[in-house]
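Heavy atoms only: backbone and side chains are in, while hydrogens, waters and symmetry mates are out. Below, chain A is the first sequence line, B the second, and so on; all start at residue 1.
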2 protein chains.
Amino acid sequence: MRILIIEDETGISNFLKQGLEEQGYETSVATDGLQGIALAKKQKPELILLDWMLPKLTGIEVCKKIREKDKKTPILFLTAKDTIQETIEGLKSGANDYIKKPFSFEELLERIKIHFRNEGTAKIITLGNIEINLLKHSVLAGGQEVNFTQREFDLLQYLIENKGRVCTRNEIIENVWGIHFEYDTGVIDVFMNAIRKKLKINKEEEFIKTIRGVGYMADDTH
Amino acid sequence: MRILIIEDETGISNFLKQGLEEQGYETSVATDGLQGIALAKKQKPELILLDWMLPKLTGIEVCKKIREKDKKTPILFLTAKDTIQETIEGLKSGANDYIKKPFSFEELLERIKIHFRNEGTAKIITLGNIEINLLKHSVLAGGQEVNFTQREFDLLQYLIENKGRVCTRNEIIENVWGIHFEYDTGVIDVFMNAIRKKLKINKEEEFIKTIRGVGYMADDTH
DNA sequence: TACTCTTCTTAAGCAAAACTTAAGTTTTTT
DNA sequence: AAAAAACTTAAGTTTTGCTTAAGAAGAGTA
């Protein structure tokens, strides 16, 4: 459980760092926006505490930048601002929550916990009769356990998490492989093939559709 | 997208109901805690707005009760309370968020949207009884799913996005095919033909008109 | 370190689907 | 009725995706 603190006032960041570490969280501190964006990308923390007022880039800008790449990690704004307009602006830029300075540490902790709730509770996502357990890293197809390699697992997970929406190959390469330039070889196709083969224990229904010229889509609505 | 409002003051609940419905949400209203719990169970709303002060059961108690059965649906507290201690108590009881009265409707909306983020906001555009879903890359004509190829899809999408305006062939070739010089062969006509054929499940109305000497126009203002 | 086993990636052949062209047909306009 | 524009069809070409197999890269173990 790593929390990234993006905050330029060392008084506050030290206070947070120490308090959070006492609670068993790991922490990293960035003292400006650019560093914050870099760390968010590199360390993939589970949650980000972001100060509104920062040197170089404002919190809003940092938030937007992070959200470009990463839509999921909760971002919690620390703000002295109190006007509705500015709060809304923060939320619009992609933050999940905000807390007004001065805040009690206890309140902050509760807020953080909200975002971690459901973390430990077995994450199971499904597609038709296929069930994948993110904690156990296991895949059940029609009740039968099937062996999946890491890549196969990641790919299937990505598709299921984006169920009902076409995923382009570039998008997949970017999100599953983490490659940020144009897709070339047919790796995805090969993995798709492997996944389908392994899942096709009962092959009546096609849960993973090929959308020719576009990409692939997981879909279990009928 | 159904939102359950648990609130005893009808002034506030009406205000919320009306505002949310204008935004396209469906709403239900419960005027006390017990009714709220019952509706939460029965209707399975996507989000719950819960007043702190309620007759019969307090908001906290309602929240806990709902959370016993349902760990996932976001619960958002509406509270006049402003003390840290009470806020914390609310969060501990399982709420995902809270907003202090008096609040601006705009702020509430943003808060609600946070919890709906990542939900597949289906991008659907329509032309008469034809419905195309950009995320699923699917086309429904009169409720029937029709198979479209990439080009056909792009072309139809382009026409619909420019509904009510004539699109010249050159414009189409430029925007759909990405060719930046003079149009020559009759490709567009061929595709138009294919599209019409596929869509003409009920052919009374001509949603795609030929404007002789100019181009084509999608139009559903009968 | 070397050996082994597993997983990942590349490349090539094949088949099917989609795209384009062109020629003949129909419709519209003058 | 003639000419122009649009429609339709079908055949040839190109693109795309599937599948397989072989070799590269990585992980684990002696």
Side-chain angles (χ1 to χ4, degrees), chain A residues 132 137-139 145-159 166-200 203 206-219, chain B residues 132 137-139 145-159 166-201 203 205-219:
Chain A
I132 98 175
H137 225 261
S138 66
V139 178
E145 175 130 19
V146 189
N147 252 12
F148 265 57
T149 71
Q150 183 68 28
R151 269 282 145 75
E152 289 164 355
F153 191 89
D154 291 349
L155 178 49
L156 182 60
Q157 176 181 352
Y158 184 75
L159 286 174
V166 183
C167 304
T168 65
R169 290 197 171 69
N170 277 322
E171 197 190 320
I172 292 172
I173 270 289
E174 170 121 13
N175 289 290
V176 178
W177 271 259
I179 297 170
H180 298 294
F181 41 87
E182 193 71 2
Y183 164 76
D184 215 0
T185 58
V187 223
I188 296 177
D189 306 51
V190 173
F191 273 87
M192 229 62 212
N193 185 237
I195 290 176
R196 283 173 166 160
K197 219 184 244 173
K198 287 187 179 181
L199 291 180
K200 227 166 267 168
K203 60 177 71 182
E206 256 316 347
F207 291 126
I208 300 175
K209 291 183 183 136
T210 303
I211 312 295
R212 194 167 231 261
V214 190
Y216 296 93
M217 175 168 74
D219 192 12
Chain B
I132 99 175
H137 227 260
S138 67
V139 178
E145 175 133 17
V146 189
N147 253 12
F148 265 56
T149 71
Q150 175 73 10
R151 270 281 145 75
E152 290 163 357
F153 191 89
D154 291 349
L155 178 48
L156 181 60
Q157 176 180 353
Y158 184 75
L159 286 175
V166 184
C167 303
T168 66
R169 289 196 173 69
N170 275 323
E171 196 190 322
I172 292 173
I173 270 288
E174 169 121 14
N175 288 289
V176 178
W177 271 257
I179 298 171
H180 297 295
F181 42 83
E182 193 70 3
Y183 165 75
D184 216 1
T185 58
V187 224
I188 295 177
D189 306 51
V190 172
F191 274 87
M192 231 59 215
N193 182 236
I195 290 175
R196 284 172 167 160
K197 216 186 245 170
K198 287 186 178 181
L199 291 180
K200 228 166 268 166
I201 294 172
K203 59 176 70 183
E205 297 188 281
E206 256 315 348
F207 291 126
I208 299 174
K209 291 181 183 138
T210 303
I211 313 295
R212 191 164 232 261
V214 190
Y216 297 91
M217 175 167 77
D219 191 12

So [Y] and [X], do their side chains get closer than 4.5 Å, heavy atoms only?
{"X": "A:Glu152", "Y": "A:Leu199", "value": "no"}
{"X": "B:Thr149", "Y": "A:Arg212", "value": "no"}
{"X": "B:Ile195", "Y": "B:Phe148", "value": "yes"}
{"X": "B:Lys209", "Y": "B:Val166", "value": "no"}
{"X": "B:Phe191", "Y": "B:Leu156", "value": "no"}
{"X": "B:Met192", "Y": "B:Ile172", "value": "no"}
{"X": "A:Val176", "Y": "A:Ile188", "value": "no"}
{"X": "A:Arg151", "Y": "A:Val190", "value": "no"}

How close or far is atom [atom2] of [N] from atom [atom1] of [X], stated in whole angstroms?
{"X": "B:Lys198", "N": "C:dA18", "atom1": "NZ", "atom2": "P", "value": "7 Å"}
{"X": "B:Trp177", "N": "C:dC19", "atom1": "CH2", "atom2": "C1'", "value": "9 Å"}
{"X": "B:Phe191", "N": "C:dT20", "atom1": "CZ", "atom2": "C1'", "value": "8 Å"}
{"X": "B:Asn193", "N": "C:dC19", "atom1": "CG", "atom2": "C1'", "value": "14 Å"}
{"X": "A:Ile188", "N": "C:dT9", "atom1": "CD1", "atom2": "P", "value": "10 Å"}
{"X": "B:Ile195", "N": "D:dT9", "atom1": "CD1", "atom2": "C1'", "value": "17 Å"}
{"X": "A:Met192", "N": "D:dT16", "atom1": "CE", "atom2": "P", "value": "18 Å"}
{"X": "A:Ile211", "N": "D:dG17", "atom1": "CD1", "atom2": "P", "value": "11 Å"}

Quick check for you: to the nearest 0.5 Å, what is the distance between [X] atom [atom1] and [Y] atom [atom2]?
{"X": "A:Ile173", "Y": "A:Leu155", "atom1": "CD1", "atom2": "CG", "value": "9.5 Å"}
{"X": "A:Arg169", "Y": "A:Trp177", "atom1": "CZ", "atom2": "CH2", "value": "10.5 Å"}
{"X": "B:Asn193", "Y": "B:Lys197", "atom1": "CG", "atom2": "NZ", "value": "5.0 Å"}

Sugar-phosphate, base or nothing in reach of B:Phe148, heavy atoms under 4.0 Å = nothing
Between the axis at one end of the helix from C:dT1-D:dA30 to C:dT30-D:dA1 and the axis at the other (five pairs apiece), what's the angle to 10 degrees?
-> 30°
Of the nucleotides [options], which one has an atom closest to the side chain of [X]?
{"X": "B:Asp189", "options": "D:dT8, D:dC18, C:dA11", "value": "D:dT8"}
{"X": "B:Arg196", "options": "D:dC7, C:dT20, C:dT9", "value": "D:dC7"}
{"X": "B:Val187", "options": "D:dC18, C:dT10, C:dT20", "value": "C:dT20"}

Hey, does the side chain of [X] come within less than 4.0 Å of [N]'s phosphate (OP1/OP2), counting only N and O?
{"X": "B:Thr185", "N": "C:dT21", "answer": "yes"}
{"X": "A:Lys197", "N": "D:dC18", "answer": "no"}
{"X": "A:Thr210", "N": "D:dT16", "answer": "no"}
{"X": "B:Tyr216", "N": "D:dA5", "answer": "no"}

A:Phe153 vs A:His137 aromatic rings, parallel, tilted or perpendicular, using cut-offs 30° and 60°?
-> parallel
Quick tally for nucleotides 25-30 of chain C: nucleotides whose base has a protein heavy atom under 4.0 Å get B, sugar-phosphate-only ones S, the rest -, giving --BBS-
Expected list for residues 149-159 of chain A near DNA chain C, using heavy atoms below 4.0 Å, is A:Thr149, A:Gln150, A:Arg151
